[in-house]
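Okay, so here's the structure we're looking at.
Here is how names work: the chains are called A, B, and so on, in the same order as the sequence lines, proteins then strands, and each is numbered from 1. Since we're looking at a predicted model, the values are computed, not measured. All values below come from the heavy atoms of this structure, side chains included, with hydrogens, waters and symmetry mates left out.
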Amino acid sequence: MSGAGEGRLVIVVTLCIAMLLAILPMPEWARPFRPQWVTLVLLYWAIALPHRVGVGSGFLAGIVLDVLTGALLGQHALGLSVVTFIAIQLHQRIRVFPFWQQSLGILVLLVIEHLLSLWVIGATRGVAPGLSYWGVPLIGALLWPWIFVTLRKVRRHFKIS
Amino acid sequence: MVAVILSLALLVLDHRFHHLQHLRSTLAFLTYPLQYLADLPFTASRWLSETTSSQETLLEQNRELRDENLRLKVELQKYESLQAENLRLRDLVDSSFKIGDRVLVAELSSVDLDPYKQQVIIKKGAVSGVFEGQPVLDAHAVMGQVINVTPLSSTVLLITDTSHALPVQVLRNGLRTIAVGTGRIDQLKLPYLPTNSDIVEGDLLVTSGLGGKFPPGYPVASVTRIDRSPDAPFSSVFAEPHAHLDRSREVLLVWTIPNQIPVASAPADPVDDAPATPGTATPTDPVGDADAGGTQPSPERGT
């Protein structure tokens, strides 16, 4: 039982690191290109351990991210819960893909999350983001293999299942 | 499905009714350690560069600041006599006038927020007496207002955010209007000015104090561009904020309404920008004494 508790702790810590990366100060030119760290980490856990990280976790992580970034409450929560739901539905397929194919799948999920965010921004009369907005999921997809390998190491090291 | 509905409900509640301030404040307080951690390397590096900067640099800086202080004090003398005169005139016409807003200096946190919203986080919160809706200025002009307070930090909505509107007045002729944020850090829009209104490029906009949130008379922006098209009922007027919204490291929090001034003095020294006391002049400053003497007779000059 203590193993389960420790596993949860590791998952929460990785998510916290992702959130830290999401608000870490960056130079002005790089700000629009910040990858969706939280989404990426959450997707890994949802694909690797769908019985532990579900839509609820996605929702909670989204709310915390909203508060941290000062976005409208629910903006990221909506995107993250939808994306984790899809990831859990498809986890068995995504797991066996080679890396590049996985990245493509992740790209689609990241775009969906971004699109939902954009809808929220648009519906609440926010500023319409420029074309660089769509570069973000692409960067995320390119980062995916590294995130996957790192988190798999973490998972195996702490023997979380 | 439930999560989606819940998210949508939250979105609507937050956007339309602003009922979630408490929830947001609580969560923001819980996530404060994360913000602190993200900000830490930058605070540390600033501290390091300050402690290791050479004596010459510090002396140089000191001299510059002293010069500037001198200049500002001279200006203040003029201002004080004007203020005294103004008060007397207002007494004559029986109109009340409040002076001596209380201010507190707060440092910005370098944490990055949603890039599509104009917000910043400051490292002062409810503990220092910050309250929701409090006006925030920098050394040049109005920056924005506090929208969310936690015990140790608060979020400031800048005047350039699309959801921010500020009642302003043209200094030259007192024309009142509203300045709305455009989402661009260097631009404000004045959408409610009829085509024939008296406004020209370069006009200074100051707060009118009509919204009840901002004290009247603080500079906001100057008009940069006016597009008058004969077929449109309103001209589109753009203005550039005077505040260094993207560069300021320190901001001023202002208390104007007496009952909102916290009783206990905050840990960081709150500055009173009411008439400078002679005691603040440093003894080493040769002109400090002259200045202190200069402030005394100035009220008489008005009579």
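- Checking Trp45(A) against Thr14(A) by side-chain atom types alone, a donor-acceptor pair falls below 3.5 Å.
- Side-chain N/O atoms of Asn148(B) and Ser25(B) include a donor and acceptor closer than 3.5 Å.
- Heavy-atom distances place both the backbone and the side chain of Thr31(B) under 4.5 Å from chain A.
- Contact annotation for Gln35(B): both backbone and side-chain heavy atoms come within less than 4.5 Å of a heavy atom of chain A.
- Residues Glu113(A) and Thr39(A) bring a donor and an acceptor atom of their side chains to less than 3.5 Å of each other.
- Look at Lys123(B) and Asp39(B) and you find a salt bridge, because one of the NZ, NE, NH1 or NH2 atoms lies within 4.0 Å of a carboxylate O, short of that distance.
- Interface remark: of the candidates Arg24(B), Arg184(B), Gln119(B), Gln118(B), Arg24(B) forms the most heavy-atom pairs closer than 4.5 Å to chain A.
- Using a 4.5 Å cut-off between heavy atoms, Tyr133(A) touches chain B through backbone and side chain atoms alike.
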